[in-house]
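Quick caveat: nothing in here was measured; it's all calculated off a predicted structure. Chain A is the first sequence line, chain B the second, and so forth, proteins listed ahead of strands; every chain is numbered from 1.
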Protein chains: 10
Amino acid sequence: MPQTNPFHSLVPRKLTDSELARSIRLNIEAELDAINLYAAHLDATDNEEAKAILRHVMDEEREHAALFWQLIARLDPEQAQHDREASQKYHLITTGASHEEVEAVGEGGGAPAEVELPKRLTVGSLRK
Amino acid sequence: MPQTNPFHSLVPRKLTDSELARSIRLNIEAELDAINLYAAHLDATDNEEAKAILRHVMDEEREHAALFWQLIARLDPEQAQHDREASQKYHLITTGASHEEVEAVGEGGGAPAEVELPKRLTVGSLRK
Amino acid sequence: MPQTNPFHSLVPRKLTDSELARSIRLNIEAELDAINLYAAHLDATDNEEAKAILRHVMDEEREHAALFWQLIARLDPEQAQHDREASQKYHLITTGASHEEVEAVGEGGGAPAEVELPKRLTVGSLRK
Amino acid sequence: MPQTNPFHSLVPRKLTDSELARSIRLNIEAELDAINLYAAHLDATDNEEAKAILRHVMDEEREHAALFWQLIARLDPEQAQHDREASQKYHLITTGASHEEVEAVGEGGGAPAEVELPKRLTVGSLRK
Amino acid sequence: MPQTNPFHSLVPRKLTDSELARSIRLNIEAELDAINLYAAHLDATDNEEAKAILRHVMDEEREHAALFWQLIARLDPEQAQHDREASQKYHLITTGASHEEVEAVGEGGGAPAEVELPKRLTVGSLRK
Amino acid sequence: MPQTNPFHSLVPRKLTDSELARSIRLNIEAELDAINLYAAHLDATDNEEAKAILRHVMDEEREHAALFWQLIARLDPEQAQHDREASQKYHLITTGASHEEVEAVGEGGGAPAEVELPKRLTVGSLRK
Amino acid sequence: MPQTNPFHSLVPRKLTDSELARSIRLNIEAELDAINLYAAHLDATDNEEAKAILRHVMDEEREHAALFWQLIARLDPEQAQHDREASQKYHLITTGASHEEVEAVGEGGGAPAEVELPKRLTVGSLRK
Amino acid sequence: MPQTNPFHSLVPRKLTDSELARSIRLNIEAELDAINLYAAHLDATDNEEAKAILRHVMDEEREHAALFWQLIARLDPEQAQHDREASQKYHLITTGASHEEVEAVGEGGGAPAEVELPKRLTVGSLRK
Amino acid sequence: MPQTNPFHSLVPRKLTDSELARSIRLNIEAELDAINLYAAHLDATDNEEAKAILRHVMDEEREHAALFWQLIARLDPEQAQHDREASQKYHLITTGASHEEVEAVGEGGGAPAEVELPKRLTVGSLRK
Amino acid sequence: MPQTNPFHSLVPRKLTDSELARSIRLNIEAELDAINLYAAHLDATDNEEAKAILRHVMDEEREHAALFWQLIARLDPEQAQHDREASQKYHLITTGASHEEVEAVGEGGGAPAEVELPKRLTVGSLRK
């Protein structure tokens with residue numbers, strides 16, 4: 001029986017940049033929610049006109065998610081640092097490196113090694 | 001303590017077009033929610049970089065809402081009929097026409113009269 | 001265990017028109033929710049009396065959604081602009097136009113080209 | 001983090017009339033929610049155009065609530081019986097009758113006595 | 001992960017009668033929710049003792065819903081007007097009258113015609 | 001953006017008595033929610049007519065809560081045992097007895113000692 | 001996408017005893033929710049160690065519910081009155097007494113008659 | 001139709017340590033929610049790359065839960081006391097000790113006896 | 001307008017121990033929610049009787065949380081390992097050790113060093 | 001009154017990679033929620049020990065968010081494409097480029113131009 005607050009979006013005061021970052025994280029969640037909705041609807045219909053619109057809109061939501069992610073990196077430099085290290089850590093974790101090796105990434109201060117990931121992963125494509 | 005269903009977007013079966021229309025209405029709600037979030041955040045920050053991104057994204061959400069609205073009109077012809085009559089009804093309601101006059105719109109089957117609305121309404125601009 | 005706030009609709013202060021637009025977007029969502037509820041119930045019953053009432057009410061909710069959409073267009077001129085371009089963009093997207101062509105709509109400032117959509121779409125009616 | 005079920009309104013099977021009554025009660029709640037939203041927004045704006053639309057729509061939601069209430073009375077005869085007795089019980093309760101007198105209404109099987117209520121109640125208008 | 005506000009029912013200030021009406025609408029929703037819960041439980045058990053209690057309580061919730069409905073009619077005279085017209089409109093809608101005929105009810109200001117509805121509707125009982 | 005499931009109260013199958021007990025606990029929660037709502041509204045209005053109705057209805061919800069509590073005691077004998085011991089434990093806890101003394105209640109199997117509590121507690125009335 | 005308020009349990013001010021009663025009702029709901037969770041989990045596992053812990057904890061939640069119920073009776077004397085009458089009313093309702101007989105309980109002011117209920121109800125044990 | 005509050009994480013004021021403990025309990029819940037999500041997703045996929053990432057992240061969430069648990073023990077010494085006694089009580093409960101024996105743990109003030117639990121429990125491993 | 005599912009706790013099938021662990025994590029959340037509720041209520045009242053009951057119940061919820069935590073450690077050995085290392089890691093983190101030192105805990109396989117934490121932390125007691 | 005589903009994380013069936021992507025998006029939301037919670041709590045306390053733990057945990061949640069983002073890029077190549085273009089688009093949008101210029105990014109198929117963003121943005125650092 002929870003009802004919607006009819007005044008759900010009044011601004012209490014100007015935000016600091018750290019508070020703004022929290023709002024932008026919320027926005028990323030809204031974009032990811034939307035992508036999931038549209039992806040599910042795409043799977044569930046054969047109506048070609050609807051599929052074309054859903055694909056168009058969903059693609060722009062992906063762009064929005066990427067732009068907000070970029071904005072977070074600007075507002076939260078520690079997130080940006082993790083973003084820079086993520087590709088290398090991802091490679092290590094998925095190829096069975098030890099926890100120690102993963103944690104060592106970025107500790108040395110040097111530039112992360114170039115990591116080349118295959119274009120698309122498929123079940124069973126790893127650890128052959 | 002409600003937890004998220006970890007499998008929140010599995011497709012139960014293909015939808016009929018009438019069921020699809022319900023899904024698209026849900027999508028419009030997601031877009032309107034997002035517009036409201038971003039509008040509130042725009043009001044709450046002076047960070048120019050964030051404002052530029054928010055304005056860009058928010059503008060595309062408006063476009064998405066308009067496109068999904070168009071799609072609904074295609075899937076639900078009775079909605080389309082109401083869309084066609086809305087401008088005239090809106091004019092009648094806001095200029096004090098009787099309930100009877102408003103309901104008469106579209107009943108005759110003729111094309112709705114052309115209605116020219118002023119470009120932007122402001123408090124007090126009406127009924128001078 | 002979330003309980004309803006017993007004082008869920010007290011007005012904090014008069015809204016600006018931009019804040020009012022957010023409230024009206026929320027109202028559109030309420031109308032779309034209602035349409036979806038009634039559409040589902042219509043599908044789920046053979047009771048003719050109930051169906052007649054549901055159809056009558058649902059039709060007026062469609063009218064309300066259209067009227068609130070009109071009101072949004074008045075309060076938010078950028079939404080109105082997207083509404084004007086939506087029909088043409090919709091046509092382009094669903095006939096396979098490039099992303100560039102879609103985005104070009106409205107940029108030139110001219111009136112959008114007249115687009116004639118078929119009356120009702122059905123699965124498979126496109127791209128024959 | 002609860003997400004919307006993207007397939008929120010698929011019909012599981014035809015309803016019995018008793019199940020349908022539960023759905024219609026849910027619909028009444030949707031109408032009352034909407035009335036509350038619009039009433040709050042009316043209080044919160046001075047924009048005359050918006051007020052005219054809100055008043056028009058809100059009035060039709062009241063009609064819908066009344067129609068669904070009528071439909072419930074048809075699907076649930078015990079509710080109809082309580083509706084017939086409510087005016088007399090209301091009068092007794094608000095004029096300080098004993099619990100016994102209130103409960104006696106309708107027990108005898110005769111037609112409820114005619115009760116004439118004043119047109120509008122105001123604080124302090126009672127028990128002078 | 002939403003938690004309940006431990007102080008969910010503190011009174012912010014005395015309500016106006018219009019605000020009180022919104023609270024009473026919320027109360028009607030609580031009553032309808034309860035009726036639906038108990039109706040579903042009645043369907044789901046063969047335990048006679050439980051059924052007797054559920055029937056007793058459910059019947060009083062129906063009475064509460066009727067009393068709160070009466071109270072709304074007192075606080076909101078426009079709702080009362082729609083309640084008076086609902087029976088006639090209901091008859092017109094379910095016997096296939098035109099939209100115009102339905103909307104004409106109550107416009108003339110006269111007393112609504114007496115409408116005699118059959119005691120109980122069943123699927124297929126209409127339009128034979 | 002969570003929407004209501006339009007088919008929220010369909011019965012999946014007959015319940016066992018243990019499952020029924022869970023449903024009745026849910027019903028007690030619904031009654032307590034309602035009592036809290038009406039108590040808050042009573043505090044918030046000076047409208048005497050509304051107060052009379054709220055008091056009448058709220059009193060019957062208290063009766064319902066008591067009846068469902070009784071039903072739980074029938075369906076769940078261990079709850080009944082705790083209900084029988086609660087008065088004595090309550091007395092011990094609020095007069096500063098040790099944890100051991102509290103836990104000893106009911107362990108011996110004898111009838112709980114008669115405990116006479118004062119009619120109404122007020123802040124400061126204890127431990128003088 | 002609702003997020004938890006990170007400051008969900010800050011105390012706004014000292015409560016009156018009537019407000020405290022509302023909080024305690026909320027606590028009873030929390031206890032009943034927990035009992036239901038643990039009862040369901042007990043049904044769903046054969047792990048004996050887990051079952052032993054679940055039974056131990058669930059039993060203490062029943063004690064908590066009984067203690068809070070006692071506390072409510074202290075804070076809300078009208079609830080206490082209904083608790084005293086509940087056993088007799090329960091007996092009357094489940095043995096088919098008229099509504100009038102049920103409502104007469106407690107009206108006379110005398111002590112409620114002793115009612116002896118059988119130890120455990122089972123489907124079909126009534127009205128043989 | 002509940003919408004997210006766009007300003008969901010603004011700090012109202014500095015917390016006392018007791019209030020901070022409530023916030024940290026909320027954080028533990030967030031960690032447990034995440035563990036449950038990832039555990040469910042691990043069960044639901046055969047994609048080895050995804051499984052490696054999910055296992056890595058889930059393991060760190062377990063560490064976070066343990067660290068926050070430690071922090072609670074620091075902020076809430078009574079919780080720490082229960083943590084110290086839990087292993088012995090757990091042993092007693094799962095080997096069928098009486099309620100009295102369980103409650104006696106920690107009452108004497110001495111150090112809890114060393115309890116050696118088998119490394120992993122399996123259904124049926126107890127009470128042979 | 002979300003309504004409670006009237007059949008909220010029916011068991012779909014017996015759980016595996018890994019699934020049971022997820023249920024027990026949910027139970028810990030229920031216990032932490034309850035502790036937070038009662039802690040907030042304790043802060044908000046001067047009613048000594050209520051405070052005594054709240055303290056008694058809250059203390060047992062802490063015990064339940066500790067017992068369920070113990071059960072999780074049994075069902076999820078990786079959580080148990082993190083619990084064993086948490087005290088040492090906690091010490092390192094709060095005394096300013098490097099990320100590397102923290103991560104090294106438990107990697108060597110030896111028993112964690114004994115760590116003696118001061119009995120209670122207060123703001124400012126650290127890093128003097 | 002919504003209760004938690006006690007069996008909230010049972011796996012319905014193995015997921016396709018597209019369905020898995022939706023689950024991982026949900027996981028990112030859980031991580032962002034957690035970061036927001038901890039960031040708010042950090043702002044709200046002066047307890048140094050708590051701050052050290054919160055900072056440590058929050059930093060690892062950022063790493064998790066980055067790792068899941070990487071995983072999404074692997075499961076959803078169109079997201080990866082937008083991630084690659086985001087930095088350049090971000091630069092264009094925040095320096096006032098036209099909508100056309102922004103949309104042209106990535107259309108040509110060439111590698112995105114190198115864009116060097118300043119290390120940290122502050123209010124007013126732009127468009128001097």
Part of C:A40 within contact of chain B (heavy atom distance under 4.5 Å): both
Cationic N near anionic O, under 4.0 Å, B:D76 to C:R62: yes
NZ/NE/NH1/NH2 to OD/OE distance under 4.0 Å, B:D33 and C:R22: no
What's the separation between atom [atom1] in [X] and atom [atom2] in [Y], rounded to the nearest 0.5 Å?
X     : Y     : atom1 : atom2 : answer
C:W69 : B:Y90 : CH2   : OH    : 14.5 Å
B:H64 : C:H82 : NE2   : NE2   : 9.0 Å
C:E85 : B:Q70 : CD    : CD    : 12.0 Å
C:L32 : B:L26 : CG    : CG    : 9.5 Å

B:E61 and C:Q79: CA distance, side-chain angles, deciding distance, side-chain contact (heavy atoms from CB on, under 4.5 Å) verdict: CA-CA 9 Å; B:E61 307 301 11; C:Q79 183 66 57; over 6 Å; no
Audit row: C:E63, B:E103, side-chain contact (heavy atoms from CB on, under 4.5 Å) steps and yes/no: CA-CA 11 Å; C:E63 182 192 90; B:E103 293 304 322; 4.2 Å; yes
Contact class of B:D43 relative to chain C, heavy atoms under 4.5 angstrom: side chain
When B:I72, B:D83, B:L67 are compared by non-hydrogen pairs under 4.5 Å with chain C, the top option: B:L67
side-chain hydrogen bond (donor to acceptor under 3.5 Å, both in side chains) partner of B:N36, the single match among C:R25, C:E29, C:E19: C:R25
